Amino acid sequence: MTFQRVLIANRGEIAIRIARACRESGIESVAVYSEADEKSPHVRAADRAVLIGPAPSSQSYLSIPAILDAARSTACDAVHPGYGFLSENASFARTCEQAGLVFVGPPPAVIERMGSKIAARALMIAAGVPVVPGVTAEDQSDEGVLAAAERVGFPVLVKASGGGGGKGMRVVRDPASARTLIPAARREAIAAFGDGTLYVERLIERPRHLEVQVFGDTHGNVVHLFERECSIQRRHQKVMEESPSPALTPATRGALEAAAVAAARAAGYVNAGTVEFLLEGTGGTARFYFLEVNARLQVEHPVTEAVAGVDLVRAQFIVAAGGHLPWTQEALTMRGHAIECRVYAEDPADGFLPQAGQLLLYREPSGPGIRVDSGVVEGGTVSVHYDPMLAKLTVSAESRDHAIARAISALRAFPILGIRTNVPFLIRLLDHPEIRAGRLHTRFIEEHASELLTSPDPPLEALAAAAVATAPQGLSTGDSATAPADPWGTVHGWGR
Amino acid sequence: MTFQRVLIANRGEIAIRIARACRESGIESVAVYSEADEKSPHVRAADRAVLIGPAPSSQSYLSIPAILDAARSTACDAVHPGYGFLSENASFARTCEQAGLVFVGPPPAVIERMGSKIAARALMIAAGVPVVPGVTAEDQSDEGVLAAAERVGFPVLVKASGGGGGKGMRVVRDPASARTLIPAARREAIAAFGDGTLYVERLIERPRHLEVQVFGDTHGNVVHLFERECSIQRRHQKVMEESPSPALTPATRGALEAAAVAAARAAGYVNAGTVEFLLEGTGGTARFYFLEVNARLQVEHPVTEAVAGVDLVRAQFIVAAGGHLPWTQEALTMRGHAIECRVYAEDPADGFLPQAGQLLLYREPSGPGIRVDSGVVEGGTVSVHYDPMLAKLTVSAESRDHAIARAISALRAFPILGIRTNVPFLIRLLDHPEIRAGRLHTRFIEEHASELLTSPDPPLEALAAAAVATAPQGLSTGDSATAPADPWGTVHGWGR
Amino acid sequence: MGRILILRASRGEYHVTLSEDGRVSIDGVTIAAMVSAPGEVRAGETGHAWVASSGELRWVFLDGEVFEIEVQPEGRRRRAAAGHGSLSAPMPATVVRVEVSPGTAVGRGDTLVILEAMKMELPIRASSDGIVKSVHCKPGDLVQPGIALIDIE
Amino acid sequence: MGRILILRASRGEYHVTLSEDGRVSIDGVTIAAMVSAPGEVRAGETGHAWVASSGELRWVFLDGEVFEIEVQPEGRRRRAAAGHGSLSAPMPATVVRVEVSPGTAVGRGDTLVILEAMKMELPIRASSDGIVKSVHCKPGDLVQPGIALIDIE
C-alpha cells in the first residue's frame, strides 16, 4: 500500500524536501500556502498548491480547519506535517485520522505523551532511562514556579512544558532574576504554543546536546540511526549539528543508542522520532540524561541521512502506509562524518536578531558532499511572519576534519546579499580551534561571543568590488544599458 | 607534505571539481583558459586564471609549452590534468616532472605502457588477467589492417591504439565495409590523438562494459574501490554509469576486483586509475575480459565516490604528494546505489549530433542524493571547440529502484533551453523496462533507438506556456516593461 | 478581447487566444496559465513549465520533455523556408574533405562533404538525387550553420 | 580621466578613483577590478566577490565575509542620519508592551518597549540617558523599521 496524494502541511525547505520524496515515491503532492507565500518556492515544488489563509501562521499554517479543507478539496489520503507548526499537535493528528487522512508521524496518543515533558519524564524513569533532576511546578503562578526552582536548586532551566526550540526557555540563576524571567518565559510559551505551563529542571553547566534518531513501524520494530551532536546553539536554538559526535566512546555510544531504543519502545513510538539527551563530561566518564522526545522529523535529519545513507522521509511514507521499516538494525551502518549548518536571516552582532527583507543576491554552493536544503530564491522576500531559517547546508566527508574544511569552503561560496545572515559567523565558528578539536557544549557561542563576532574592515578587493559595481553614469537602479542579457525578457508579466 | 599551488590543466566541470578539492585541501588553484573560455565558470572557480591561447585545443588545452609557461609564471608545484586533453600524454607527464612539477597521476612510464593497447594487453596476459582475443596489425596499411581483421574473424572492432572515448573506433562486419571504415578510423585517430596506429579485436556481441576503480600509492599499496557498469553508450561514448553493477554475483565481483588489482600491480600503478573489462553473459556463468587501463581520473568517478563514500580527487593529491593511501582495502565499503547520467548538448534524434549555442535557460536540480557537476551557467555559450558534455547528474539512493526514480525526478527538474540536449532521451532510457530490470549491454541504445527516440506532441500545458511567455505587445526581445526586477541592474558592464 | 496567436510545433499548428485574465484557449480548449517566476510558467492544475524565448521561437520544458514552438501573431507571414536543394553544416565545423565537384551526379544518401566538429567526423549526405550545381567550401574552411556548402539541382 | 567616488563602511571612509580600463585606485592604492558575471566581480589577483546594489548601498560578499558599503559620487551630500534620540524597530514587529510614558526618566540600557517578531521577544533599549519626550506606539501595533517608536531628549 502506498499513498495517492499527500498534503504537505508546512512551508519552506521542509515542504520542498517532502515534495521531492513524494515525487520519487510516485506520490502526488499538494502544497499549502499563505498569502505571504504566494511566490515562495515551496508552492512550485509540489504538484498542486492551495491557498489556505492570510500571512499570520495562526490563520494559515496553524489553522487545522484550513488545512483539512485543503486536503479534502484535493482528495488527499495523507498529511505530512514537517516540523514546527502542527507537527507535534496531537489534536491535529487526531483530527486528520478522524477525517480519514493518514497522519505521517507517530500516533496522536504518543505525540500527546511526548508533548508533555512531565509525562515523558515519568515514562522514561519507569523505563530505566536516566533523566535530569527536575520538578514540575504544581502551582503555576510566578511564586509557585520560583518555589519549584528553589527545590531543584539554582541554577535552573525554566521551560515551556508544551514546546521546544528554545521558545519560552530561560536560564534562571537566582531568585531576583526569576521575577522577570518566569513571566517572560510564560508569555513566550503562550505565544508560541498556546500553553503557558512551565517546567523547571536542574541546569547542567556546559553540557553537550546529543540526540538519537529512532524509527518505529506498526509491526513492533524499532531501530536507531545513530546519534547527532547538536551542542552548538544560540538563543537555545541549534545552529550546527554533526554526526558522529566527537564526544562519544564506543561504549557510551552503545549505551546511548540502547537508551534511545528503550525510550522509543516505552513510548510505543511509530515513525521517525528523536530522543534528546544531555551529556555531562566526555570520554569514558561521560553521563547522559534523557531530555525529551521530538515526535516528528527533525530539522537536522539530513545529518543522519548522510552518515547512515538513508532517506528518512521516504521511510516515513512507507511506515505511515503500514509497511515494514526498510532497514534492520544490523543492516544500518555509520560511515564518514556529516555537519549541518543552519543559515539564518539574522544579525549575530545584534543579538542574533532575525532579519527580513529582499534577497538581492542568493547563490547556493554545490559540489561533492554538499547538500543544500532551502526554501528561498534570489529576488525573493524573507518575511517577518515565519522562522528566519533560509537554508540548511549539510556536508559529508570521510573525516570530521575534511567535513569542516568542506563546510567552510561551501560557506565561502554561499553569497547571500540584501539581508544580514549568519554565514560569516558560521565560518568563524567552524574555524574556531575548540570546534576543530571537538570540544563543544551548549553555551559555546555565548562564551566565545567576542571572538566569534569580530568582523574585519573591508579589504581592498571588497572596496574595489563595491566601486566597480556602480553604474558609470550615475546611481540609478535598473539602468537598462548595463542590464544583463535576459533570456526571459519577453515573458509576459502576469502573476509576477 | 602537501602542495602549495596546483595548476589545473583542463576546463569545464572537471576543472571545477579539482578546484573544489584544492580549496578543501588548503591548496591554491590556478585555472588555464582559452580565448573561447574567458567567461566560462571554471575560470572563476580557481583562485587565479591564466590565458593560454586561442580556442582550438591544439593551441591551448593541448599545448604543453603554454601550460608549462602558465605553471611557471604562477609558481605552481603540481599539475592536475583532469581527464581527456593531456591526461594520458606520457610526454606531458614527463615534461612536468623535468620542470620540477608533480604530475597528479601515474608515472610517465605507466601512462606509456597503458596508453599502448598492445603493450597493456601483453602485460595483462603475462599477469594472468583474461583478455579479448585480438591482434595488432604489424602492417598498418589498409590491407594490413584488413588482413588482421580477417585473422581475428569478423565482426571486429578497429580502434585507435593510442586513444579512447570512441574516437577512431569502428565496428567492421565484413571486408567490403572495411575499405571505408579503416581509413575513417585512422583519420579520426590521427585528428584526436596524433597517432593513426590501429588495433583489431574480436567484437563481443552485446557485452556489458564493466570497470573497476583502482588506486595505488608510492609505498606499494593498491586497493580497488569496486566496480562501475558503463554499458549504456552511444557512439562508443558512455551515457550512463552505475554502481553496483546489476550483473555481478558476489563471486564474479570478487574475481573481477582481484583481476583489477592484479592488473594494477602488474602495471606498477600509482594514483587513481580504472581497469576496464567486457563482461559476456550474466550471473554465475559470466566471463570477463580485460579491455584497457584508463590511466587517469574517469568522467564517472562520482559514482564510486557515492557508493564508497570517498573523495577520489583529494586522495589523488595525498598520493601525488607522496602520502599513503587514505584507505585500507578492509576499511572500504560499498553502500547503496549510484547512477550517473551524462547530460550532453546533442540531438539524439539526429544521430546524437553535438549542438552548440547559447544556454537561454539552465537550471540544475538539487536535493538529497543529487549531485550535479557542471561547467556551464545560464546565459553561457556552448562552443563548438570542445566536448559537448554540459553536466553530470549523479544520484545515490538506498536501492537501484530508488536511484532510478531519483534520477528521473532530477532530470524532470533539469530544464535546459536554447540548445538541444539528451535530457528527454535520458529519462526515456531510465524509464525503459529493460534498464529498470538491469538488462544492459553496450549496444542497448542502438537496438532500442526507435523506442528511445519517440517524442510526443506538445500537451496543452506546453502550448499554453509558450503562448503566455509571449510579450503582450508584440514579439520584441528584451521588452524592459516585462523584464524581472534585476538586483544587479546597476552593475557596471565591464567584462561582460 | 484577447490576443490571437498561431503556434507551430514539429507536427502541428495551433490557434491560440490569450485573454488578460490568464486563460488560454487552444483550438477551442481553455486552460489557465501564468508566469510564476522568471522563466517559469504554471499551466493548468499541475503543469510546471520552464520557457525561454529566442525570436519567435519558444523553448518549453515540461515534465522532462522539450518542445520547440514557433509563436506568431495572427496574420503575420511565416518566414520563408531555407533554399531548396542546398546543404549546410548543422553546426560550426571544419571541412575535412569534399567528395564531389560541380557536375557530379549524386544519389540520395551519398556523402558529399565530411566535416569535423568536436573531434567527430560529420558526413553531409545528399537528401535527394541530383547533380551538384556548385560547391562553396574547401578542406580547412571553418563553416557556419545555415550557409550553403553545396547546391544540388 | 576617471570617476571619483566616496565609499563608506562601518569604520571608515575611502576615496576611490575608477578608470575606464578597469583599474580602481583606493586612497592611492591601485587594484584591477571587473565585473566577471552578473553579480560577480573579480578584484586583484585572486579576489572573487559577489555584489548587489540597493540604492547607494553595495553589499559585497568576499571570502565568506559580508561588507555593507555606501557609495556616493564625490560632491554629493551624505543623506542626513536618522533623527537623534528616537528609537525604532529593527524590523517589522508587533508591540507587546510599552514600559515608559512621556516624561519617564530613563538610563542607558533600560528597556523601553518590548516587540515580538518571528515569535521572539525583542526588547528596545535606551541608547543613552534621557527623558521620554513622546511615545508613538501602543501594544498590538504592527510597526515598521525606521519609524520612531519613542523619542528621547
Side-chain angles (χ1 to χ4, degrees), chain B residues 57 165 167 184 187-188 191-192 235 347 350-351 353-361 363 378 383-388 408 411-421 423-424 426-428 455-472 474-475 477 482-484, chain C residues 3 5 7 9-12 14 16 18 20 22 24 26 29 31-35 37-44 46-56 58-73 76 90-93 96 114 116-122 145:
Chain B
S57 304
K167 283 159 190 166
R187 270 195 311 279
E188 265 188 38
R235 297 166 72 118
D347 187 356
D350 191 12
L353 194 71
Q355 305 287 302
Q358 202 195 2
L359 293 165
L360 299 179
L361 186 143
R363 313 269 167 98
E378 185 166 290
S383 131
V384 64
H385 298 290
Y386 313 112
D387 191 90
I408 291 174
L411 288 166
R412 288 165 65 114
F414 200 163
I416 306 177
L417 301 177
I419 303 181
R420 290 182 187 166
T421 76
V423 166
L426 288 169
I427 294 171
R428 279 190 288 270
S455 67
D457 282 326
L460 274 189
E461 288 82 358
L463 293 165
V468 300
T470 303
L475 292 155
T477 51
T482 62
Chain C
R3 249 156 60 75
L5 302 170
L7 268 55
S10 55
R11 286 187 292 266
Y14 308 85
V16 173
L18 273 180
E20 285 298 330
V24 181
I26 300 166
V29 183
I31 180 173
M34 60 169 246
V35 174
E40 293 182 46
V41 173
R42 182 136 203 166
T46 61
H48 290 69
W50 282 266
V51 188
S53 300
S54 173
E56 297 188 344
R58 298 293 166 275
W59 295 75
V60 179
F61 184 91
L62 177 74
D63 291 337
E65 293 287 349
V66 176
F67 305 98
E68 296 172 30
I69 300 170
E70 222 183 315
V71 176
Q72 289 173 323
R76 189 179 299 187
M91 58 186 311
V96 177
I114 295 179
E116 191 191 286
M118 296 172 174
K119 299 252 177 80
M120 292 289 187
E121 287 198 359
L122 310 174

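Bear in mind that the values here come from a model prediction, so they are computed numbers and not experimental data. Letters A, B, ... are given to chains in the order of the sequence lines, protein chains preceding strands, and every chain is numbered from 1.
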J.: Shorter than 4.5 Å, heavy atoms on both sides: which option in B:Asp350, B:Ile408, B:Asp457 has the most such pairs with chain C?
T.: B:Asp457

J.: Is C:Val16 in contact with chain B via its backbone, its side chain, both, or neither, using a 4.5 Å heavy-atom distance?
T.: side chain

J.: Could you give the distance from CD (B:Glu461) to CG (C:Asp63), rounded to the nearest 0.5 Å?
T.: 8.0 Å

J.: Looking at every non-hydrogen atom in both residues, tell me the closest pair between B:Ala467 and C:Leu5 and how far apart they are.
T.: O-CD1, 4.0 Å

J.: With a 4.5 Å cut-off on heavy-atom pairs, point out which of B:Pro459, B:Ala462, B:Gly357 contacts chain C the most.
T.: B:Ala462

J.: At a heavy-atom separation under 4.5 Å, does B:Ile416 approach chain C through its side chain, its backbone, both, or neither?
T.: backbone

J.: Nearest 0.5 angstrom please: C:Glu116 CD to B:Arg187 CZ, how far?
T.: 10.0 Å

J.: So which part of B:Arg420 gets closer than 4.5 Å to some heavy atom of chain C, the side chain, the backbone, both or neither?
T.: both

J.: Quick one: OG1 on B:Thr421 to CZ on C:Phe61, what's the gap to the nearest 0.5 Å?
T.: 7.5 Å

J.: Write down the atom of C:Ile31, the atom of B:Ala464, and the distance for their closest heavy-atom approach.
T.: CG2-CB, 3.8 Å

J.: Can you tell me how far CD1 of C:Ile26 sits from CG of B:Leu463, rounded to the nearest 0.5 angstrom?
T.: 5.0 Å

J.: Which heavy atom in B:Ala465 sits nearest to a heavy atom in C:Val60, and how many Å separate them?
T.: CB-CG1, 4.1 Å

J.: Can you say whether B:Leu460 sits under 4.5 Å from chain C via the side chain, the backbone, both, or neither, judging by heavy atoms?
T.: both

J.: Atom CD in C:Glu65, atom CD1 in B:Ile427: separation rounded to 0.5 Å?
T.: 7.0 Å

J.: Heavy atoms only: give me the nearest C:Phe67-B:Pro456 pair and the separation to one decimal.
T.: CE2-O, 3.5 Å

J.: Say you draw a straight line from CZ of C:Arg11 to OG of B:Ser455; how long is it, rounded to the nearest 0.5 Å?
T.: 5.0 Å

J.: For a quick test of reading the model, state the closest non-hydrogen atom pair linking C:Ser54 to B:Leu360 and the distance between them.
T.: CB-CD1, 3.7 Å

J.: Provide the closest heavy-atom pair for C:Trp50 versus B:Arg412 in the form atom of the first, atom of the second, distance.
T.: CZ3-O, 4.1 Å

J.: Test C:Val66 against every option in B:Pro415, B:Pro458, B:Pro424 by the side-chain contact (heavy atoms from CB on, under 4.5 Å) rule and name the one that passes.
T.: B:Pro424

